[in-house]
Amino acid sequence: LQKITMADRFDCDNCKESLYGRKYIQSDDSPYCIPCYDSLFSNTCDECKELIGHDARELFYEDRHYHEHCFRCFRCDRSLADEPFTSQDDALLCNDCYCNEFSSKCVACDKVVMPGTRKLEYAGSTWHEGCFLCHSCEQPIGSKSFIPDKDEHYCVSCYEDKFAPRCTRCKKTLAKGGVTYRDEPWHKECFVCTSCKTQLAGQHFTSRDESPYCLKCFGSLYAKKCEACSKPITG
């Protein structure tokens, strides 16, 4: 019989048991039997508190280690190994559970507004960006200005077309400013002397047959003239 010497021994570096005929793992040039390797080098699962063996799939998240089968949604117990997820107060949640519990719903389509999607919030309500539509033209308002009217929202152009007063002369909307004459709205540039077309906003003027005139035109057209100098008598 061949004598086995110390130089011929092949033992686990930790328990010193022979590794002949057994599976082993080499680490830092030292051989270890499987039980010793797992006890020395394996991480502990944050969920079940047991060692994650060398042959198990290990998942790592925020300095915590998990068995694959322990990495699950806190609410529905669904595996998160290959699913998108988030963390809420150190609890792991799949996207569906997170959205149902923490995300708002779009008031237009009644679907969850997923985290990270573009949305619009106004008066305590939330919309998907594509669901926030002008009540008139039904086009997405997006990041453009809008005007609320009761429970409806309008883009600026539609609101002006629908609600803004229209100039008595040109019939176009008055977005801002303007003047009122005989309870009718006018653009400042449209409110002119009937004769010379000079703008009358901020000027003294008079009228005849409901038509406005600057004082100069009114005097030359309608005022009595002095018999001596032929100039209009305006005073």
Just by distance, do the side chain of T44 and the backbone of K49 share a donor-acceptor pair under 3.5 Å? no
If every non-hydrogen atom of G178 is compared with every non-hydrogen atom of L174, which pair is closest and at what distance? CA-CD2, 3.9 Å
Distance, nearest 0.5 Å, that separates CG of D96 from CZ of R78: 5.0 Å
Is the closest basic N to carboxylate O distance between K16 and D11 below 4.0 Å? no
Would you name the heavy atoms of D46 and Y66 that are closest together and state the gap between them? OD2-OH, 3.8 Å
Looking at R166 and D161, would you say the former's side chain and the latter's main chain have a donor-acceptor pair under 3.5 Å? yes
Got a donor-acceptor contact below 3.5 angstrom from the S220 side chain to the C217 backbone? yes
I need the minimum non-hydrogen distance between I34 and H54, along with the two atoms involved. CG2-CE1, 3.0 Å
Less than 4.0 angstrom from a charged side-chain N to a carboxylate O is my criterion; do E62 and R64 meet it? yes
Beyond-backbone contact of C94 with E83, side-chain heavy atoms, under 4.5 angstrom: no
Euclidean distance, E210 CD relative to E184 CD, rounded to 0.5 Å: 8.0 Å
Lys/Arg N to Asp/Glu carboxylate O, E17 vs R22, below 4.0 Å: yes
Of Y61, F74, Y98, the residue whose pairing with L92 passes side chain to side chain contact (heavy atoms under 4.5 Å, CB included): Y61
Can you establish whether the number of heavy atoms outside R118 located under 6.0 Å from its atom CZ is more than 12? no
Would you call D149 and K162 a salt bridge, using N to O less than 4.0 angstrom? no
Nearest-0.5 Å distance, CG of residue N14 to OG of residue S30: 10.5 Å
Which atom pair, heavy atoms only, marks the closest approach of A108 to W127? CB-CD1, 3.9 Å
Measuring only between side-chain heavy atoms, which start at C-beta, is C48 closer than 4.5 Å to H67? yes
For the OH atom of Y37 and the SG atom of C12, what is their distance to the nearest 0.5 Å? 12.5 Å
Report yes or no: does H135 contribute a side-chain atom to a donor-acceptor pair with the main-chain N or O of P148 at less than 3.5 Å? no
Got E129 and L120 here, is their nearest side-chain heavy-atom distance under 4.5 Å? no
Assess whether atom CG of D55 is packed by more than 12 heavy atoms of other residues, nucleotides or ligands within 6.0 Å. yes
T168 side chain near P185 side chain, heavy-atom distance below 4.5 Å: yes
Over all atoms of both residues, closest heavy-atom pair of V107 and S125: CG1-CB, 3.8 Å
Using the rule given for side chain to side chain contact (heavy atoms under 4.5 Å, CB included), can you reason through Q139 versus C155, listing the C-alpha separation, both sets of side-chain angles and the distance that settles it, and then say yes or no? CA-CA 9 Å; Q139 294 300 307; C155 62; over 6 Å; no
Common cluster, F218/L215, ILVMFWY with side-chain heavy-atom separation under 4.5 Å: no
Report the distance from atom CD1 of I52 to atom CG of L59, rounding to the nearest 0.5 Å. 8.0 Å
same_hphob_cluster(I147, I141) at 4.5 Å side-chain heavy-atom cutoff: no
Tabulate below the donor-acceptor pairs under 3.5 Å that side-chain atoms of residues 187-206 make, not counting sequence neighbours, or state none.
unit_1: H187; atom_1: NE2; unit_2: T173; atom_2: O; d: 3.0
unit_1: T194; atom_1: OG1; unit_2: P212; atom_2: O; d: 2.7
unit_1: K197; atom_1: NZ; unit_2: T194; atom_2: O; d: 3.1

With heavy-atom distances below 4.5 Å as the criterion, would you say the side chains of R182 and S207 are in contact? yes
Does the D77 side chain pair with the main chain of R72, one donor and one acceptor, at a distance under 3.5 Å? no
Would you call the rings of H65 and F60 parallel, tilted or perpendicular if under 30° counts as parallel and over 60° as perpendicular? tilted
Within this structure, what is the NZ-SG distance for the pair K144 and C134, rounded to the nearest 0.5 Å? 8.5 Å
Name of the residue among F146, F163, F132 meeting ring pair (Phe, Tyr, Trp, His ring centres under 6.0 Å) with Y154: F163
Applying a strict under-4.5 Å side-chain criterion to I, L, V, M, F, W and Y, I'd like to know whether V179 and Y181 cluster together. yes
Is L51 reachable from F41 through a run of hydrophobic residues whose side-chain heavy atoms are each under 4.5 Å from the next? no
